[in-house]
Amino acid sequence: MAQCVQSVQELIPDSFVPCVAALCSDEAERLTRLNHLSFAELLKPFSRLTSEVHMRDPNNQLHIIKNLKIAVSNIITQPPQPGAIRKLLNDVVSGSQPAEGLVANVITAGDYDLNISATTPWFESYRETFLQSMPASDHEFLNHYLACMLVASSNEVEPMEQFSKLSQEQHRIQHNNDYSYPKWFIPNTLKYYVLLHDVSAGDEQRAESIYEEMKQKYGTQGCYLLKINSRTSNRASDEQIPDPWSQYLQKSSIQNQESYEDGPCTITSNKNSDSNLLSLDGLDNEVKDGLPNNFRAHPLQLDQSSDPSNSIDGPDHVKSASSLHETKKANTGIIHGACLTLTDHDRIRQFIQEFTFRGLLPHIEKTIRQLNDQLISRKGLSRSLFSATKKWFSGSKVPEKSINELKNTSGLLYPPEAPELQIRKMADLCFLVQHYDLAYSCYHTAKKDFLNDQAMLYAAGALEMAAVSAFLQPGAPRPYPAHYMDTAIQTYRDICRNMVLAERCVLLSAEILKSQSKYSEAAALLIRLTSEDSDLRSALLLEQAAHCFINMKSPMVRKYAFHMILAGHRFSKAGQKKHALRCYCQAMQVYKGKGWSLAEDHINFTIGRQSYTLRQLDNAVSAFRHILINESKQSAAQQGAFLREYLYVYKNVSQLSPDGPLPQLPLPYINSSATRVFFGHDRRPADGEKQAATHVSLDQEYDSESSQQWRELEEQVVAMVNKGIIPSSFYPTQYCLNSYSDNSRFPLAVVEEPITVEVAFRNPLKVPLLLTDLSLLWKFQPKDFSGKDNEEVKELITGEPEMIGTEVISEFLINSEESKVARLKLFPHHIGELHILGVVYNLGTIQGSMTVDGIGALPGCHTGKHSLSMSVRGRQDLEIQGPRLNNTKEEKTSIKYGPDRRLDPIITEEMPLLEVFFIHFPTGLLCGEIRKAYVEFVNVSKCPLTALKVVSKRPEFFTFGGNTAVLTPLSPSASENCSAYKTVVTDSTSVCTALISSASSVDFGISIGSQPEVIPVPLPDTVLLPGASVQLPMWLRGPDEEGVHEINFLFYYESVEKQPKIRHRILRHTAVICTSRSLNVRATVCRSNSLEDEEGRGGNMLVFVDVENTNTSEAGVKEFHIVQVSSSSKLWKLQNSVNLAENKEAKLASREKGKFCFKAVRCKEKEAAMQASERYTFADIIFGNEQIISSASPCADFFYRSLSSELKKPQAQLSLHTEKHSIEDAVRLIQKCSEVDLNIIILWKAYVVEDSKQLILEGQHHVILHTIGKEAFSYPQKQELPEMELLKFFRPENTAVSSRPSVDQLSNLIKTSLHYPESFNHPFHQKSLCLVPVTLLLSNCSKADVDVIVDLRHKTTSPEALEIHGSFTWLGQTQYKLQLKSQEIHSLQLKACFVHTGVYNLGTPRVFAKLSDQVTVFETSQQNSMPALIIINNM
């Protein structure tokens, strides 16, 4: 239980005090009423004795009474009504609330820190009032009247006569059978005569004389002269006299329906109060009317209007709050005791002392003796009761029967003079004067008697008081017999059905147990008495039980919280809203944040409702807010109810302050970090064959890889524009800001271009939410060029803002547990700084069948697509936490976040805005297929744009044509099939020889060191004016690998007028092309051994080209025609086709392979000399009837673009440091011999059947030949993974990699060829030796002097070799040493000698070569490429 002001040792004696009746004459009552007090009230503050009192017990032992208090009350002949008592208790509890500035106790239990009110004054007030207002009953005498004060005034005409009238009146009330109430202790009641004298108005001498007369008649012990009203009330303002009455009247003012004659209330006389009530005491109304008005209705009498039902627990809370309020109003202005001085106070105090010392205590002492004597004589006992106590307790105990065995005979009644009742009387008297030992003995005896007679009500009373007496005994007390109390409570409750007495037992016993720190037992006891018959009592007891749980040695926090909730519930049922709210709030501390979500919801809901009822609207709103924002586990219907309740309360709050700031709404959730901001217009949809550039949009998913690629492309073009350096102020353009982008800078937006903010909403509830009139909330600071800043903050309600236009979404429905994004636009019309603060909207829910507390849809509600039940206007802020900083040591050790500025754009001046449309842009191509499309550039802004460039990582995919108009064909003008190529019809005779043309790579934007990825767009006049549009042709070539290709184009452009903030703008486009297989081309080149037409010095080469149709006809391709093979090189050109003697068309059906062989020769010197100017010679060999000019667009474009990757590789410069680099130089020279710089272009047509129409597609493949004898491919080769090697556990020796040229390279240093007759006839029968002349030609292919050794000796002696060579020998020198100058050709005349006929291989000479200025490191044998066979015939 909570801490109390009084200890239990003070509480119990104060709860059971001697009762004294007061009977006043009208005149006497008038005198006290001048002070706004009745006589009984006048005495109340002074009713406790200030000194100890002594009296003697029946054994003549002196007994000391401390702090004795007496209770004086006016005689009331009606028992109080239960309904009135209930109303009084209700008012007392509701009138006592925790003090405002009360410091709560902080209790730490486990991991809970609870703020708990240590005291519960409402409970103490309730307990005090309850014990005071208990009606007197027949089975106990504690609150029966012991004495009666008869009060008359000295102003009366005949005071003595008045006293005798009062005396008769008292006698009649006590002894006439018509009055069953009030109850009197003994028939012989003490009468004490009091003469009231008004000092300020009365005659003092007359008063004294009357007092003398009284003394003679009633004895000095039996009367008193009390002088009051020493001043008149109108001088009250002179000095401030303390008012000791207010604290008592505060409590009792509620119950005082016996109102003052000059008070604000009306007198409730018996006539109107009782005419409709049950007549409880059998008196007829007429008789009652005859009573003087002293016997008013009991203060607890209810008017019929208050309690029409008279039910058990009538409306506990009908008028509690209002009546209390009125009473307080009525009482505030009244000053009590206005006519009394401090002397008068002392006189009253003295009067109480005298009355107690002289009258009351002697009377009690005498009564105890008489009762003691009676009992001894009646029981026939030889000694007094007191001395016999020991015997009763020591031996021969009768086992008490358990309650359940006893028959239900609570109905047994004793006559008033029954000896058992006399014992009880004596016990009660002893108890009232604090003689607890004697009282205990008597109660114990009485208990036995009552149990023997099975008078259960009496037995319970005796048990209850015996237990209390045992506890209060001084000295070494016996243990508190709690089982007595338990039995008493059970009897009262179950057998006697008297809850009031049971409740008194519980209140006393719980206090006693608490004082012994037996909290667990106290709690069990308190909980036992909670029942349905009284909500108020149950609430208070449950609350005390909760306090017991928290005050235990190891506090039971959850039990505390649970019982607080139960108490709150019962308080609520009893109409005690404030107490209910307090209980729920205290319990909430325990349940909060522990994952007990349903319990939390229940508590918050109740707190919300109670707060709303008490008009604490802010609390109500925050409680309902909690229910909605925690991840609720409630059912949909319940959540719907919560939401509607919240909206209803919110509406009321907002109506109180309609002009206040917009409140923050809890729903729906906003994932602030997922907010995306997009600058610019939405993308236009595709229009027929026109397809807009994809650019950036909010529908695209973020991909870090692609964003990195775009960034690199932009850096590339910016670097090129700025002469290779990226300026320090450069910052990649970001059109869409999200949580992955870099938001540390203020983003730049362009005036008149919309800003779209995508807000991610999530509805956590199982009911749909409807947001209406949803828009962005912003703050704008216009910047004038004059430099004046005038900040103007515009909320949404501004009409048509000139600064920023705001888009409003009229309805936005989020279904249950759905995440949904809303895209909200702003249209800036002015430059300045914009801050997007959040969103503002009406929150509502769709009207279902349910309504809140009978509140249906409000009139005048929004009716749109969805019917809205109720909505409130509010806002939610968008607050985005920036990235965690992690650069410096300080940032790493502390938690710091950088700024996130995506919602704070700076609006800058107008900029040009480009839109790009692609016309006839294909989605599927064959590998290598050439297709012509058109690109349209439109300037949709009000500024001209210039410096338009496009950059792509795949420049080989597209071209806008060459730099000069000659090279770029106009829109298709070819004779056949609308070809994308520039063609010329040829004469069929010149079919096999090449047609020569040349072109410079510079014309096509390709040169060493340039960036082929950045391509300027050839705009006419290089400027695109506002509103203008330009269409340009664009040739595309399908990439060489099959599959899906994403090709990124980045268009870069600038404003004609340079802007300080934005230097350039970009537009992105991603083209997706699906390529399917077409042809695979592989080619090799090798030296021709023939030496004819040697005018070119350095010989000819043969080019072998294999073409395979790898198309699996999924694209509907019937066959491919090879229409032309062209070469392009600075040094070489194709001369003619070797293998096609007759003009047969080169057709390849699916999976067919064709082989071509061409002869290549060196270009003429004058042609070769032009190589420095990047000019290439193109030679075309035609297999059809029209020539495609391969040196024009688009054929040359794509050829150069495929070359550009090669050109980007740095060329090896010849070294100047001879000593150091001589070896490397030598290697380089040797390598150059085997290098060839020849490129083959295969042009083809494919015949496609599509929808029964025949289409002709065309395309080209490139093969770049670098090295003699090495196969080259048109398609990229897959790198084969090296096989896994065994792990080596030893350390390899550090072998220096020698820069030796490979055998292949060395074998190409010298070209050899043998010239001899193919067959030779010789008459062997005439001459046995046959001599054949053979010429060995040695040609130096390098540009350096070469030393050559020719060795004619047969090296091998193995039989296989002999078989191959046959047996022939060279005659003459066996070894020749020569030196060949650069590219010199030398012939050696040799003779071969044969002895047999047969076929011989003459290719046996071994040739060694080394560079003249080198050591012999490079000597190696020159491998002869093919066998030189000779046939020797006999003739």
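- Partners of Ser73 according to the side-chain hydrogen bond (donor to acceptor under 3.5 Å, both in side chains) rule, which considers only residues two or more places apart in sequence or in another chain, are Tyr145.
- For the ring-ring contact (aromatic ring centres under 6.0 Å, His included) criterion with Tyr224, the lone passing option out of Phe357, Phe351, Tyr192, Phe355 is Phe351.
- The number of heavy atoms from other shown groups lying within 6.0 Å of CZ (Arg528) is above 12.
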For residues 9-22, which side-chain N or O atoms pair as donor and acceptor with protein atoms under 3.5 Å away, sequence neighbours left out?
residue: Glu10; atom: OE1; partner: Ser7; partner atom: N; Å: 3.1
residue: Asp14; atom: OD1; partner: Arg48; partner atom: NH1; Å: 3.2
residue: Asp14; atom: OD1; partner: Arg48; partner atom: NH2; Å: 3.2
residue: Asp14; atom: OD2; partner: Gln6; partner atom: NE2; Å: 3.0
residue: Asp14; atom: OD2; partner: Arg48; partner atom: NH2; Å: 2.6
residue: Ser15; atom: OG; partner: Leu11; partner atom: O; Å: 2.7

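- Considering only residues two or more places apart in sequence or on other chains, Asp346 meets the salt bridge (charged side-chain N to carboxylate O under 4.0 Å, His left out) condition with Arg349.
- By the ring pair (Phe, Tyr, Trp, His ring centres under 6.0 Å) test, Tyr560 pairs with no residue at all, sequence neighbours left out.
- Residues satisfying the side-chain contact (heavy atoms from CB on, under 4.5 Å) test with Ser517, not counting sequence neighbours, are Tyr519.
- Distance alone, capped at 3.5 Å, places no donor-acceptor pair between the Lys183 side chain and the Phe141 backbone.
- Arg424 meets the side-chain hydrogen bond (donor to acceptor under 3.5 Å, both in side chains) test with Asp428; sequence neighbours excluded.
- Phe431 and Tyr436 have perpendicular rings, their planes meeting at more than 60° on a 0 to 90° scale where under 30° would count as parallel.
- Every residue two or more places apart in sequence or in another chain that forms a ring pair (Phe, Tyr, Trp, His ring centres under 6.0 Å) with Phe450 is listed here: Tyr414, Tyr458.
- Remark: Leu49 CG to Thr356 OG1 distance equals 4.5 Å, nearest 0.5 Å.
- Atoms CG and CG, from Leu540 and Asp535 in turn, are 11.0 Å apart once rounded to the nearest 0.5 Å.
- To the nearest 0.5 Å, atom NZ of residue Lys559 and atom SG of residue Cys548 are 12.5 Å apart.
- Legend: salt bridge (Lys or Arg N to Asp or Glu O under 4.0 Å) pairs involving residues 541-557, not counting sequence neighbours, sorted by first then second residue: Glu543-Arg582.
- Take Arg493 and apply the salt bridge (charged side-chain N to carboxylate O under 4.0 Å, His left out) test, not counting sequence neighbours, and it matches no residue.
- Under the ring pair (Phe, Tyr, Trp, His ring centres under 6.0 Å) criterion, His139 pairs with no residue, sequence neighbours left out.
- By the 30° and 60° cut-offs, the orientation of the rings of Tyr440 relative to His444 is tilted.
- Scanning for ring pair (Phe, Tyr, Trp, His ring centres under 6.0 Å) contacts around His579 gives Trp122, Phe571, with sequence neighbours left out.
- Gln174 meets the side-chain hydrogen bond (donor to acceptor under 3.5 Å, both in side chains) test with Gln170, Thr189; sequence neighbours excluded.
- The CG atom of Leu146 sits 8.5 Å away from atom CG of Leu190, with the distance rounded to the nearest 0.5 Å.
- Between Ser509 atom OG and Leu529 atom CG the span is 11.0 Å, to the nearest 0.5 Å.
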